[in-house]
There are 2 protein chains.
Amino acid sequence: METLRERKKQRTRDALTRAALELFTSRGYEQTTVDDIAEAVDVSQRTFFRYFANKEEAALAVEELTVGRFIESVRERPAHEAPMEALRQAVLEGWDTLNDVVESVVPVELYLRMYRVIESTPVLLAAHLRRSAETEEAIARVLAEREGLDVETDPRPRLTVAVFSGVMRVTERQWSVGEDFSLDAIRALTVAYLEQVGPALTGDWRTA
Amino acid sequence: METLRERKKQRTRDALTRAALELFTSRGYEQTTVDDIAEAVDVSQRTFFRYFANKEEAALAVEELTVGRFIESVRERPAHEAPMEALRQAVLEGWDTLNDVVESVVPVELYLRMYRVIESTPVLLAAHLRRSAETEEAIARVLAEREGLDVETDPRPRLTVAVFSGVMRVTERQWSVGEDFSLDAIRALTVAYLEQVGPALTGDWRTA
DNA sequence: AGGCTAATGACAGCCACTGACAATTGACAA
DNA sequence: TTGTCAATTGTCAGTGGCTGTCATTAGCCT
């Protein structure tokens, strides 16, 4: 972020992101055109597409930040933690530090509202899920490295991440449709649901 | 399928599906325009969009059939099977009966090739994942009903399905990038990966 | 046979996205 | 400081996905 040029670019990008989220959350994703966003920031439509490959990317830009942090977070977990435990700690840490990561670009509250829009807009949800799949792959590689395994031959890293991500998806969804839209709420859900996985898998739900 | 009208409609739809898969698998999804598909079947573009809400839907039309069968399959599993076991059996049954379900519309081989295209085309993968999410929800409800639970209050149905689907995703992916493109191959992978879930979760990968 | 309704085709138009080129503006050395 | 170079932006034209509308066609049913 040295030169004036770079700072200017960053400002434009942030402004576009903010304008996009503002419009998406107030008016809806489909009801917002790229021209609307560009106009709000007073740049040409073409410029928007120089910053974002497509409309979705603007919608998911903030999330991208948090995902990046999450991957780093897993990589930095102490080596003695078992894979699942490392993932769990990294996510919880993620919720705790969300504020710092996000607030530099948009108000956290706006980001949280955007989450709801993503969950309820089919094309955004689709894009979100695909990115999650990419994240899973990245995490699987990190786990494999931690444990000294080859991700191509040993399925356990990918399986573990897939299971973990499955649980997180359910958590996100539940949170997004719930009343309590706070970070505390999602933190609590995360802990609760991860604890339930074991019991849920062991089958006999009627006696438990 | 009584009247001529209905039969004609079905034939048009199947023809569109077949033409779409043919073009997608040979030329690529992005390189195929809706006009190309419509022209191949000799109908107007407008008619294409009367049969499919969008281009993706044509690409995923065959899969839709198999998913529908799968959900039914779970519903019909004997009540004494534990949730995970019921899911497992339903999937395996799905692979076994794939031929009958698919062949009425397109050659199975074409469908299997299409699978590869889906996995390697970002926007198709995204659409596929979103539909999978919908399927998960449907399955969760079936499980909840089987076990006499309320899907809104008890997280276990959704969690179980999420875990199961996570494993199936890894399976599909692995299969789609592998050499052996047969149904036997994916069947074997399914069994192997499901067996690995338990061990993968229990943590200590270094001594196992 | 003839009226009714569903299915189709033909436009026209919106919006997401891209390539190409010209104009502007910051970077940096002379 | 200024001149040159490179990066950023705007404009314009075009493609392709998708939708609404309305006239036309074609199966249905008495």
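Computed over heavy atoms, backbone and side chain alike; hydrogens, waters and symmetry mates excluded. Note on naming: letters A, B, ... go to the chains in the order of the sequence lines (proteins, then strands), and numbering restarts at 1 for each one.
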Steps toward side chain to side chain contact (heavy atoms under 4.5 Å, CB included) verdict (Gln45(B), Thr33(B)): CA-CA 10 Å; Gln45(B) 191 219 50; Thr33(B) 72; over 6 Å; no
Quick one: which of [options] gets closest to the side chain of [X]?
X: Arg5(B); options: dG17(D), dT8(D), dC28(D); result: dC28(D)
X: Thr3(A); options: dG16(D), dA7(C), dA27(C); result: dA27(C)
X: Lys8(B); options: dG17(D), dG27(D), dG10(D); result: dG27(D)
X: Val43(B); options: dG16(D), dA26(D), dG9(C); result: dG9(C)
X: Arg46(A); options: dT9(D), dT19(D), dT11(D); result: dT11(D)
X: Phe49(A); options: dT18(C), dA7(C), dG9(C); result: dT18(C)
X: Gln45(A); options: dT25(C), dT18(C), dG17(D); result: dT18(C)

Heavy atoms under 4.0 Å, any strand shown: does Tyr51(B) hit a base, just sugar-phosphate, or nothing? sugar-phosphate
Regarding Ser44(A), tell me which of base, sugar-phosphate or nothing describes its non-hydrogen contacts under 4.0 Å with the strands shown. base
Under 30°, 30 to 60°, or over 60°: which ring-plane class applies to Trp175(A) and Tyr115(A), parallel, tilted or perpendicular? perpendicular
Let me know the distance between [atom1] of [X] and [atom2] of [N], rounded to the nearest Å.
X: Arg7(A); N: dT8(D); atom1: CZ; atom2: C1'; answer: 16 Å
X: Gln10(B); N: dG27(D); atom1: CD; atom2: C1'; answer: 17 Å
X: Gln31(A); N: dC14(C); atom1: CD; atom2: P; answer: 17 Å
X: Arg13(A); N: dA7(D); atom1: CZ; atom2: P; answer: 19 Å
X: Lys9(A); N: dA27(C); atom1: NZ; atom2: P; answer: 12 Å
X: Glu6(A); N: dA7(D); atom1: CD; atom2: P; answer: 12 Å
X: Phe48(B); N: dT19(D); atom1: CZ; atom2: C1'; answer: 14 Å
X: Asp35(A); N: dC14(C); atom1: CG; atom2: P; answer: 12 Å

With sequence neighbours left out, what residues match Val91(A) under side-chain contact (heavy atoms from CB on, under 4.5 Å)? Phe70(A), Trp95(A), Phe164(A), Met168(A), Thr190(A)
Pick the nucleotide of DNA chain D nearest each of Glu30(B) and Asp42(A); which residue has the one closer to the 5' end? Asp42(A)
Does one side chain, of Thr47(A) or Ser44(A), offer a donor that lies under 3.5 Å from an acceptor on the other? yes
OP1 or OP2 of dG9(C) sitting under 4.0 Å from any side-chain N/O of Thr47(B)? yes
Does OP1 or OP2 of dG16(D) have a side-chain N or O of Thr33(B) closer than 4.0 Å? no
Any carboxylate oxygen within less than 4.0 angstrom of a Lys/Arg side-chain nitrogen, looking at [X] and [Y]?
X: Glu145(A); Y: Arg75(A); answer: no
X: Arg77(B); Y: Glu85(B); answer: no
X: Glu152(A); Y: Arg158(A); answer: yes

Under 3.5 Å donor-acceptor pair, Arg50(A) side-chain atoms to dG10(D) base atoms: yes
Contacts of Asp14(B) that satisfy side-chain hydrogen bond (donor to acceptor under 3.5 Å, both in side chains) - sequence neighbours left out: Gln10(B)
Looking at DNA chain D, which of residues 54-63 of chain B put a heavy atom within less than 4.0 Å of it? Asn54(B), Lys55(B)
